Number of protein chains: 4
Amino acid sequence: MDHTMRVIARICYSHSDKPMKTAVAPRKSPRQARSQATCEAILDATARILVERGYAATNTNLVAERAGVSVGSLYQYFPNKDALIAALHDRHARQMNEVVEREIMRCEGLAFEAALQAIISGLVEAHRMEAGLHRVLETQLAGLDTLDEHAAVEARISSQLRTLLSRYTDEIRVPNLDLAIYVLMHSLHALVHAVVYERPSGVTLEEATAEMVRLTSLYLRTPAT
Amino acid sequence: MDHTMRVIARICYSHSDKPMKTAVAPRKSPRQARSQATCEAILDATARILVERGYAATNTNLVAERAGVSVGSLYQYFPNKDALIAALHDRHARQMNEVVEREIMRCEGLAFEAALQAIISGLVEAHRMEAGLHRVLETQLAGLDTLDEHAAVEARISSQLRTLLSRYTDEIRVPNLDLAIYVLMHSLHALVHAVVYERPSGVTLEEATAEMVRLTSLYLRTPAT
Amino acid sequence: MDHTMRVIARICYSHSDKPMKTAVAPRKSPRQARSQATCEAILDATARILVERGYAATNTNLVAERAGVSVGSLYQYFPNKDALIAALHDRHARQMNEVVEREIMRCEGLAFEAALQAIISGLVEAHRMEAGLHRVLETQLAGLDTLDEHAAVEARISSQLRTLLSRYTDEIRVPNLDLAIYVLMHSLHALVHAVVYERPSGVTLEEATAEMVRLTSLYLRTPAT
Amino acid sequence: MDHTMRVIARICYSHSDKPMKTAVAPRKSPRQARSQATCEAILDATARILVERGYAATNTNLVAERAGVSVGSLYQYFPNKDALIAALHDRHARQMNEVVEREIMRCEGLAFEAALQAIISGLVEAHRMEAGLHRVLETQLAGLDTLDEHAAVEARISSQLRTLLSRYTDEIRVPNLDLAIYVLMHSLHALVHAVVYERPSGVTLEEATAEMVRLTSLYLRTPAT
DNA sequence: AATGAATGAGTTTTCATTCAT
DNA sequence: TATGAATGAAAACTCATTCAT
């Protein structure tokens, strides 16, 4: 997989396993209702605490307490603290993926500018869902061991985006498409974050989105001199 | 201070106190030479360990040992662990600031494109200086309590950049300069990081820098339609 | 019961209850076939894990899983972990007892030396049966609460051995028979273990057994000077 | 090293490092008085608890408390629980070694029987020093990782004993000396333990020792028929 | 009876910080 | 001032045991 492409995934900071598992399954067991709920409760509590207090101050005892279960139970579902965080990563990534994919689907047939508008709005929406959590996951957990997991999802997203852009080859005039995608992924990722997490008071969400579209459109359409 | 502006500082991820104090002064005593050296040695050790082992594995006892002083001494210079990290933040920010400011100085009289090239190269160079440290500081220590300190330096940098751009008002055609600066700061910050810390194999530093210049130039020069 | 005699039992390191109960009975219910099998399965699993991983790493959940039953079931058969271990002790002791007793039976009518040879070979065989388990039970579980249980079985074995030796009073010249039995029990116990569990490379099982017979015979036959 | 020989060491169940280190040194530090005392206090507490409650119930918090230090201190001297136990092993082995070696020294020039008497008494004395501790160390801690450490000391002791016996080649008539040493080591080890730790009421220490001498002497002096 | 999810006290270990020397 | 041994609160993780289904 091309590194240039891989980086596209960063836009959603998605982590998850190859065929998009439906959930981080507890050790074994077939059709538990209680279990699934407990598992979710633990992840919810983890997310809440992570947002409130940051990674360093997030400890498994507290998570269990907030989730309304015992530490023992927590460790029945997640073999250790890192696995807990990783599972949260996964769940969050899956949720964002769904939003983004749905948005890309809906772009079918739109004009270039409109498609850009749609996808960028989609990204903004996806980030607004669980803004705080996304922030913490990204800033404080960069170096866990996510690098491997990343690769797989990145492949999905990057190919989707490349597909999206390939619908509009007539309008795109960049000298080097791979390089352009690499540049855009990083720019947009940062901008979406900025817009969602620390938009200055004088700027509306719409203005900011429009400006991102302008930047992207300009960059892709203008031929090199 | 305008939030839009403030954000410019993010480019260098600079942290430091209002009037750029020369150093985080040890508790009292004014004129010791030993102290200054000890203080630096401690910060150096902190930086080294932070890079080698990450924040979680960085502890004060280890820092003291590596710095060749006793823990007791460490606590004579820095009241607690957070202050130690903050001081390292400061020192690093100051160093980057110097590089950036020097670069901006040297742009005087250059043509627009050349000036952009110079400043972007300067940013890249600044980030290459202590890449590993910068990375750790940014990814693992985002949410300490830096937010306040940020503000001050940000003011300096953002005003400098605004000054820089104001030399070229003839060439700049953006509808909203504040918004444009906001957008550029975030884009460039992300791109500089990407280029320095995870450039894909097929892309040279020069290509990437040139592409950033192209993006910036395009964005600033093209009037809205 | 004489302590001197009691100690004879150590030869087989046997533990079990007074009148040789047939099994540690599950809490209630008399005539289930399933139960008996389950009970055995649990003991088998316990033995296997004990040998593979040692006492410290042997836990009831794992035992249940390996036995193919639920923890709940395990606790239906054994009120707690110690009871489980004790039951295994018992079963193992009973099995070794059977081997030893059978061997003693078969000695009837043999000449002294031949009888010694037979009984010592019998002990070696008994220890070879479940060598690993025997080892763990002896080394890692010495001080549970076995001391009491010991007494009873010891009585049986020691009296049997005394009976055996009493067939050959003509040949035995020891000044103090009780003391001699005490000495032999400990010597032979240690030697059988050594021979079975850590025989040096240059020594065959036959040689070692012959040497034990020589030692025993010498010791019992030579009158004090 | 010959396995037959190696086994001689079992008599004292000695563990320790190659050149008989003077003490399990704390992490570094040169001339601490407080430290050495603390270290000893911790080992003493460990020994006491080990004897009172067995290995399973010995935990580091309790050890620290009984030693009158904090858990932190304990971990400053011993990196983990196993190291603590190992250090106790070492200290104990060293102490026993000293007793045994001293005794062997004193045998110089004695007649065979008298020498046997002396060395066996020495072993008994060595075991009486810290009987309870020796018992626990041997029975409950067989499988830690002592096997390696054993080898070294074993070499010392076994060679000493072989030297001792070699003084009396005229009197020794065994067909295979290595085998005989192997047999004697195990027998005596077990007997010394028995005599020290569970001597039956009717037997005095002197009687038992005399009987061990008789056994040994008989065994070594009688030629094979 | 059987099940296995849930419990939580208990264990090991870490590390920021203090303070006697 | 410098030192570094000592501290102990806090965190990660285990496992014997219970109990609702």
Side-chain angles (χ1 to χ4, degrees), chain A residues 26-30 32-35 38-39 56-65 68-82 84, chain B residues 26-29 32 34-35 38 56-65 69-82 84, chain C residues 26-29 32 34-35 38 56-65 69-82 84, chain D residues 26-30 32-35 38-39 56-65 68-82 84:
Chain A
R27 296 222 222 218
K28 39 191 166 169
S29 70
Q32 66 287 70
R34 175 95 115 300
S35 305
T38 304
C39 185
T58 297
N59 65 288
T60 53
N61 288 301
L62 182 59
V63 167
E65 187 184 322
V69 301
S70 63
V71 222
S73 289
L74 187 153
Y75 278 89
Q76 205 132 45
Y77 290 97
F78 307 97
N80 55 50
K81 193 186 177 184
D82 280 1
L84 174 64
Chain B
R27 292 224 228 217
K28 25 196 161 171
S29 71
Q32 66 281 75
R34 170 77 193 286
S35 302
T38 305
T58 298
N59 64 289
T60 53
N61 288 291
L62 182 58
V63 167
E65 186 182 321
V69 301
S70 65
V71 224
S73 290
L74 187 153
Y75 276 85
Q76 208 114 44
Y77 290 97
F78 305 96
N80 56 48
K81 193 187 178 183
D82 279 1
L84 174 63
Chain C
R27 291 225 231 218
K28 23 196 161 170
S29 70
Q32 64 283 71
R34 171 76 192 288
S35 303
T38 306
T58 298
N59 64 289
T60 53
N61 287 290
L62 182 58
V63 167
E65 186 183 322
V69 302
S70 63
V71 223
S73 290
L74 186 153
Y75 276 85
Q76 209 114 45
Y77 290 96
F78 306 96
N80 57 49
K81 193 187 178 184
D82 279 1
L84 173 64
Chain D
R27 296 224 222 218
K28 37 190 168 170
S29 70
Q32 66 286 71
R34 174 95 115 300
S35 305
T38 304
C39 184
T58 297
N59 64 290
T60 53
N61 287 300
L62 183 57
V63 167
E65 187 184 320
V69 301
S70 64
V71 222
S73 288
L74 188 154
Y75 278 88
Q76 205 133 42
Y77 289 97
F78 307 97
N80 56 50
K81 193 186 175 184
D82 279 2
L84 174 63

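Computed from a predicted model, the values in this text were never measured in an experiment. The sequence lines fix the lettering, A, B, ..., with proteins before strands; numbering per chain opens at 1.
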* Among F/dA12, F/dA16, E/dA16, the one nearest C/Y75 by side-chain distance -> F/dA16

* Can you find a side chain N or O atom of D/T38 that sits less than 4.0 Å from OP1 or OP2 on F/dA6? -> yes

* Structure fact -> Separation of F/dT7 atom C1' from D/E65 atom CD, nearest Å, is 15 Å

* DNA chain E: stems of at least 3 consecutive Watson-Crick or G-U pairs whose donor-acceptor distances fall under 3.5 Å -> E:2-21 with F:2-21

* Minimum heavy-atom distance C/T58-C/K81, with the two atoms named -> O-NZ, 3.0 Å

* Nearest-neighbour nucleotide for the C/N80 side chain, F/dT7, F/dT17, E/dT3 considered -> F/dT17

* OH of A/Y77 versus C1' of E/dG4: gap in Å, rounded? -> 10 Å

Using the 3.5 Å cut-off, write out each protein N or O paired with an N or O of nucleotides 9-11 of chain F and the distance between them.
none

* Structure fact -> Of all heavy-atom pairs linking D/L62 and D/A57, the shortest is CD2-O, 4.5 Å

* Asked: How far apart are the closest heavy atoms of A/Y75 and A/N80, and which atoms are they?
  -> CE2-CA, 3.9 Å

* Residues which pass side chain to side chain donor-acceptor pair (under 3.5 Å) with B/S73, listed by chain and number, not counting sequence neighbours -> B/S70

* **Side chain of D/S70 - closest among E/dT17, F/dA6, E/dT3** => F/dA6

* Protein-nucleotide distance (B/L84, atom CG; E/dT17, atom P), rounded to Å -> 10 Å

* Which distance, rounded to the nearest 0.5 Å, do you find between the CG of B/L84 and the CG of B/L74? -> 5.5 Å

* Asked: Is the phosphate of E/dA2, meaning OP1 or OP2, less than 4.0 Å from a side-chain N or O of C/Q76?
  -> yes

* Can a side chain N or O of A/S73 be found less than 4.0 Å away from OP1 or OP2 on E/dA5? -> no

* Whole-Å distance between F/dT18 P and C/L74 CG? -> 12 Å

* Structure fact -> Heavy-atom closest pair (B/S35 atom, B/Y77 atom, distance to 0.1 Å) is CA-OH, 3.0 Å

